[in-house]
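Heads up: the structure comes next, in structure tokens.
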Amino acid sequence: MVKQKLVLRFPSTLVEEPVIYSLVKDFDLMVNILRADINPKKEGRLMMELSGEESNFRRALEWMQKKGLKVMHLKQQITWQEDRCTHCGACSVICPSGALVLNRPEMKISFIEEKCVVCELCLRACPARAMETLLDNAR
Ligand code: SF4
Ligand code: SF4
């Protein structure tokens, strides 16, 4: 049994393909969608957690890559570069999961990685670019 977080990048020609349906039906995998940015006729991006038997998982990866999807592992989800952080607190206001917390009275930010749901809102909100996503090509 494997469970992995992946990011799929779809070329515009594939955004309307029923990829999730195939992953569930043809490969017997469980799909938990974490985030989707899909627009008709444009490149799309899907962040998800896939789980199931390892052989099915491997076959599904191969199938997606053959179809022309770019598949990347979401290796470490979101990382916080503490040295760049100015503790302005902007991220703690928009973080929906409580992963970024402004501690009082010190007014210092903490990042609780286990609570992060990889919504990426903090990446856009952080003026110091202290929040990053790490991706790695799937093999
Ligand atoms: S990615 Fe989303 S959940 Fe994770 S720390 Fe940033 S805002 Fe919070
Ligand atoms: S928005 Fe960026 S600089 Fe501000 S507290 Fe959050 S991580 Fe630090």
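Note that ligands are numbered from 1 as they come in the structure, with each ligand's atoms numbered from 1 the same way. Here the structure is a predicted model, which means the values were calculated and not measured. FYI, the numbering just counts along the sequence from 1.
Contact annotation: C126 places an N, O or S atom under 2.8 Å from atom 2 (Fe) of ligand 2.
In this structure, atom 1 (S) of ligand 1 lies nearest to the protein heavy atom E120 N, 3.2 Å. The closest protein non-hydrogen atom to atom 6 (Fe) of ligand 1 is C122 SG, 2.3 Å. In terms of protein heavy-atom proximity, atom 8 (Fe) of ligand 2 is closest to C85 SG, 2.3 Å. At the top of the distance list for atom 2 (Fe) of ligand 1, counting protein heavy atoms only, stands C119 SG, 2.3 Å. Among protein heavy atoms, atom 4 (Fe) of ligand 1 sits closest to C116 SG, 2.4 Å. At the top of the distance list for atom 5 (S) of ligand 1, counting protein heavy atoms only, stands L100 CD1, 3.5 Å. Here the heavy atom of the protein found nearest to atom 3 (S) of ligand 1 is S97 OG, 3.2 Å.
Counting heavy atoms closer than 4.0 Å to ligand 2, residue R84 contributes nothing at all. Both the backbone and the side chain of C95 come within 4.0 Å of ligand 1, counting heavy atoms alone.
Contact annotation: the side chain of E43 approaches that of R9 to within less than 4.5 Å [non-hydrogen atoms, C-beta and beyond]. Within the 4.5 Å cutoff, the side chain of Y21 has no heavy atoms near those of the D26 side chain. Looking only at side-chain heavy atoms (C-beta outward), N103 and I109 stay at 4.5 Å or farther from each other. No side-chain heavy atom of R45 sits under 4.5 Å from any side-chain heavy atom of M72. In this structure the side chain of M131 reaches within 4.5 angstrom of the side chain of W80, judged on heavy atoms. The shortest distance between side-chain heavy atoms of T79 and T133 does not fall below 4.5 Å. Using a 4.5 Å cut-off on side-chain heavy atoms (C-beta onward), L8 and M64 make contact. Between K5 and M48 the shortest side-chain heavy-atom distance does not fall below 4.5 Å.
Heavy atoms of W80 stay at 4.0 angstrom or farther from ligand 1.
Within the model, atoms CG of N32 and NZ of K3 stand 8.0 Å from one another, a figure rounded to the nearest 0.5 Å.
The contact set between ligand 2 and C91, taken as ligand atoms under 4.0 Å from a residue heavy atom, comprises 1 (S), 5 (S), 6 (Fe), 7 (S). Near H87, meaning under 4.0 Å from any of its heavy atoms, are these atoms of ligand 2: 5 (S), 8 (Fe). Each of the following atoms of ligand 2 lies closer than 4.0 Å to a heavy atom of I109: 5 (S). The atoms of ligand 2 that sit less than 4.0 Å from any heavy atom of T86 are 3 (S), 8 (Fe). In summary, the atoms of ligand 1 found under 4.0 Å from a heavy atom of F111, numbered by their order in the structure, are 5 (S).
A 6.0 Å sphere centred on CG of D28 holds no more than 12 heavy atoms belonging to other residues, nucleotides or ligands.
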